[in-house]
Amino acid sequence: MIRWIVVIFLAVIVFSTLLPWLEKLGIGRLPGDLRFRLFGRIYSLPFASTILISVVVFLLAKIL
């Protein structure tokens, strides 16, 4: 279980850095994605997008 928590944490970091590009595709704006402004900087935590992408990757890995 700890392995999945680490994987999800790393996926959140990756999606946070790629978020400007992914927003053009609609990822990062799902219900469950948190975005807040603190001291003039916008922070994003795309939890729902991370879960969605993880499920898609899991299904692709299971098929292949």
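FYI, side chains are in, hydrogens and waters are out, and symmetry mates aren't considered; it's all heavy atoms of this structure.
- Among residues two or more places apart in sequence or in another chain, the side-chain hydrogen bond (donor to acceptor under 3.5 Å, both in side chains) test is passed with S49 by D33.
- Scored by the side chain to side chain contact (heavy atoms under 4.5 Å, CB included) test, L52 finds L30 as partners (sequence neighbours excluded).
- Residues satisfying the side chain to side chain contact (heavy atoms under 4.5 Å, CB included) test with I42, not counting sequence neighbours, are R35, R37, S44.
- As a member of the Ile/Leu/Val/Met/Phe/Trp/Tyr network built from side-chain separations under 4.5 Å, V56 groups with L60.
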Using distance only, find each side-chain donor-acceptor pair of residues 6-15 under 3.5 Å and give its atom names and separation, not counting sequence neighbours.
none

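- Listed by first and then second residue, the ring pair (Phe, Tyr, Trp, His ring centres under 6.0 Å) pairs that reach into residues 25-64 are F36-Y43, sequence neighbours excluded.
- Smallest separation of non-hydrogen atoms from A48 and P31: CB-O, 3.1 Å.
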